[in-house]
Amino acid sequence: MIRGIKGIKDITPDEMPKWSVVERTAHALAHVFGFEEIRIPVFEKTDLYVHSIGGTTDIVEKEMYTFPDKDGTSLTLRPEGTAGVVRAFIERGLKTYQPSRKLYYIGPMFRHERPQAGRLRQFHQFGVEYVGSPEPAADVEVITLLWRFFSVLQLPGLSLELNSLGVLTDHQAYKKDLVSFLKTKEDRLCENCRRRLETNPLRALDCKVPGCREATKEAPFLTDFLSPSSKDHFDQVLQGLEALAIPYSLNPRLVRGLDYYSMTTFEVSCSALGAQNAIGAGGRYDGLFETLGGPSTPAVGFALGLERVILALPESTLPQPVPWIFVASFGEKGRPAGLSLLYSLRSKQVKADTDYTAATLKTLLRSADRLGAPYVAILGDDEVTKNEVILRNMATKEQEIFPLDTASSAIPAHLQSR
RNA sequence: GUGGGUGUAGCUCAGUUGGUUAGAGCGCCGGAUUGUGGUUCCGGAGGUCGCGGGUUCAAUUCCCGUCACUCACCCCA
């Protein structure tokens, strides 16, 4: 037997109601906030991701699904969405129409990681990109949309953390200072963090090893290195969130894993999840357009993981199922009359179904029960002769008689009125 | 990439200090009930005990390997 690939899951019909609610909410909320959907390819030239995400990040170094095209060009299954959106933006000249543009996407992403609760090799993200505005209000809007999304879905145990990396020169200066600080404590750092000194020193602040926590207690704060304008921008973001009553906390140690972030960064975590509790995150990436060969363009966005949302989604968020009708027809005259009723109901946009393998009323009712049908239309030879159809309420066992020739309108109307 | 846990019926899991026909609950099929489901009663089907090797008179049980699933590290959504 050929099995599916490790870390790649089927989304079965049982799980689809949750996915539908989550996706519908994403589309609706993005629309209300004035974001337009964009669909970008699931694979691109490898260089795009290397240049945008950063060559020394884990994603690029060991997590990408990369393969050669027939002509040898290196291609990669997208590990995230922002790079592709920015590429499309530049390539299609989307900026020429208006000063700023707000886009969103929903779709699968691919990373070759060891699977775990809330972490898969093919997973799905909903992300937005507010392109063209350097204003703090744009940051506020993106963060607010992220927070509202989770709130509307009633996810429990959420917390929003914010930080500012400042502009490039700010955090370069900081990085230098931090490295020299860490060097003085090098013997107390874990092996991992000693390696990070070279690759990604900011991550050492995030380390969970107690020794490292202790050693980095006195570390310089990024916040102290922010230029006045960076600081001012960040303050305005915070004020904007307060005005909208979005609860947040500051985390000067919050570091994002992708190289392109600058200024505001944020992350929402959910205590209802396991170890992988980051459910949505993002930030400003004012330098990315230039990095990818486009015009200098400020932008801010987020991405959130749909699988993690679904793991945390409470049952109460699911909508009530709509009533529908199981047609139980049998006998020489009943069968064709039932088929006719079945398709009449469907043509009136009413969900109706039957079981062609069941031939007796008993087996038909059993099928109806297993399918969870709230109503069954019973139609045998006797009913056809009398121009009748019986509507049975499966929960209460009540049965009502309708004239057969007008049943396809009368039954839906009757259900509506209840 | 590293470490831990778990692989027995469709599902959830017992079990065997190594011993002959491997169990339960739920589900499934049939009957009681030839025009009334879900409840009840009776009967039934369904298992290479993950796979490969080793030890042994004998392995589902012990040992080694391997694969899968899973949780955690790392990292991230």
Side-chain angles (χ1 to χ4, degrees), chain A residues 1 3-9 14 22 53 56-64 78-82 106-127 146 149-150 190-193 195-196 199-200 203 206-209 254-258 266-270 273-283 301-312 326 328-331 334 355 358-384 390-399:
Chain A
M1 161 194 184
R3 305 181 53 111
I5 302 165
K6 184 198 279 285
I8 299 196
K9 285 230 168 89
D14 290 349
V22 169
I53 297 168
T56 63
T57 58
D58 275 23
I59 293 178
V60 169
E61 275 186 343
K62 46 195 190 197
E63 295 175 1
M64 297 204 303
R78 63 182 187 192
E80 58 103 43
T82 301
I106 292 185
M109 306 294 164
F110 306 85
R111 292 182 199 171
H112 188 103
E113 298 185 270
R114 195 78 173 261
Q116 173 182 343
R119 193 171 74 184
L120 296 169
R121 291 184 175 179
Q122 174 174 334
F123 61 103
H124 297 76
Q125 288 189 331
F126 161 44
L146 178 65
F149 177 77
F150 296 136
C190 70
E191 196 183 323
N192 234 319
C193 283
R195 188 172 49 79
R196 283 172 175 143
T199 57
N200 197 346
R203 290 227 74 95
D206 232 12
C207 189
K208 285 157 198 138
V209 177
L254 177 68
V255 178
R256 308 266 67 249
L258 286 61
F266 50 90
E267 177 173 312
V268 175
S269 53
C270 175
L273 296 172
Q276 307 303 318
N277 66 352
I279 196 166
F302 71 68
L304 61 87
L306 298 186
E307 279 82 0
R308 291 183 187 178
V309 171
I310 281 160
L311 281 176
F326 181 98
S329 65
F330 52 99
D355 176 2
T360 64
L361 181 55
K362 184 188 178 69
T363 52
L364 283 161
L365 281 171
R366 191 168 58 209
S367 290
D369 188 59
R370 286 181 192 180
L371 291 169
Y375 295 95
V376 174
I378 298 174
L379 194 49
D381 291 348
D382 295 355
E383 283 73 25
V384 174
I390 300 168
L391 185 68
R392 178 179 176 85
N393 179 322
M394 290 295 274
T396 64
K397 295 183 165 187
E398 279 177 289
Q399 300 195 157

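Predicted, not measured: the structure shown is a model, and the values here were computed from it. Chain identifiers are assigned alphabetically (A, B, ...) following the order of the sequence lines, protein sequences preceding nucleic acid strands; residue numbering begins at 1 within each chain.
- For the pair A:Ile59 and A:Arg392, nearest-nucleotide mapping onto RNA chain B gives the more 5' position to A:Arg392.
- Along RNA chain B, the nucleotide nearest to A:Met394 and the one nearest to A:Glu307 differ in position, and the one closer to the 5' end is contacted by A:Met394.
- Residue contacts for A:Arg366: at a heavy-atom cut-off of 4.0 Å it reaches the sugar-phosphate backbone alone, with no base atom in range.
- Here A:Leu120 lies in heavy-atom contact (under 4.0 Å) with a base.
- Atom CD in A:Glu61 sits roughly 15 Å away from atom P in B:rG1 (whole-Å rounding).
- Counting non-hydrogen atoms under 4.0 angstrom, A:Ala303 reaches the backbone sugars and phosphates but no base.
- Proximity note for A:Lys6 (side chain, C-beta onward) versus B:rG1, B:rC69, B:rG35: the nearest is B:rC69.
- When rounded to the nearest whole Å, the span between CD1 of A:Ile53 and P of B:rC76 equals 11 Å.
- One cannot find a donor-acceptor pair under 3.5 Å joining the base of B:rG1 and the side-chain atoms of A:Glu113.
- A:Gln116 has a side-chain polar atom (N or O) that falls below the 4.0 Å cut-off from OP1 or OP2 of B:rA72.
- For A:Arg121 (side chain) and A:Glu113 (main-chain N/O), a donor-acceptor pair under 3.5 Å exists by modelled atom type.
- At a cut-off of 3.5 angstrom, counting only N and O atoms as typed in the model, there is no donor on one side facing an acceptor on the other between the side-chain of A:Arg114 and the base of B:rC71.
- Counting any heavy atom pair closer than 4.0 Å across all strands shown, A:Glu80 reaches no nucleic acid atom.
- Put simply, CZ on A:Arg78 is 17 Å from C1' on B:rC76, counting in whole angstrom units.
- In this structure, A:Gly127 reaches neither bases nor backbone, as no heavy-atom distance under 4.0 Å exists between it and the strands shown.
- A donor-acceptor contact shorter than 3.5 Å links the side chain of A:Arg119 to the backbone of A:Arg114.
- In this structure, CZ of A:Phe126 is placed 16 Å from P of B:rA77, rounded to the nearest angstrom.
- Taking only distance into account, the side chain of A:Gln399 meets the base of B:rU36 through a donor-acceptor pair shorter than 3.5 Å.
- Side chain of A:Gln122 to main chain of A:Lys9: no donor-acceptor pair is present (N/O by atom type, distance under 3.5 Å, no hydrogens or angles).
- Nucleic acid contact class of A:Leu306 (heavy atoms, under 4.0 Å, all strands): none.
- A:Phe330 comes within 4.0 angstrom of a nucleotide base, judged by non-hydrogen atoms across all strands.
- Between A:Phe149 and A:Phe126, the ring planes are tilted. Angles from 30° to 60° get that label.
- Taking the salt bridge (Lys or Arg N to Asp or Glu O under 4.0 Å) definition, one finds that A:Glu383 meets it with nothing, sequence neighbours left out.
- No hydrogens or angles were tested; on distance alone, a donor-acceptor pair under 3.5 Å links the side chain of A:Asp369 to the base of B:rG37.
- With hydrogens and angles ignored, a donor-acceptor pair closer than 3.5 Å exists between the side chain of A:Arg308 and the base of B:rC76.
- Under a 3.5 Å cut-off, the side chain of A:Arg111 and the backbone N or O of A:Pro79 do form a donor-acceptor pair.
- At whole-Å resolution of the value, CE in A:Met64 and P in B:rA77 are 15 Å apart.
- Both key distances under 3.5 Å define a Watson-Crick or G-U pair, and stretches of 3 or more such consecutive pairs in RNA chain B run B:1-7 with B:67-73, B:10-13 with B:23-26, B:28-32 with B:40-44, B:50-54 with B:62-66.
- Separating the C1' atom of B:rG10 from that of B:rC62 is a span of 31 Å, rounded to the nearest Å.
- Every pair passing side-chain hydrogen bond (donor to acceptor under 3.5 Å, both in side chains) that includes a residue from residues 365-378 of chain A is listed here, sequence neighbours excluded: A:Asp355-A:Ser367, A:Tyr375-A:Arg418.
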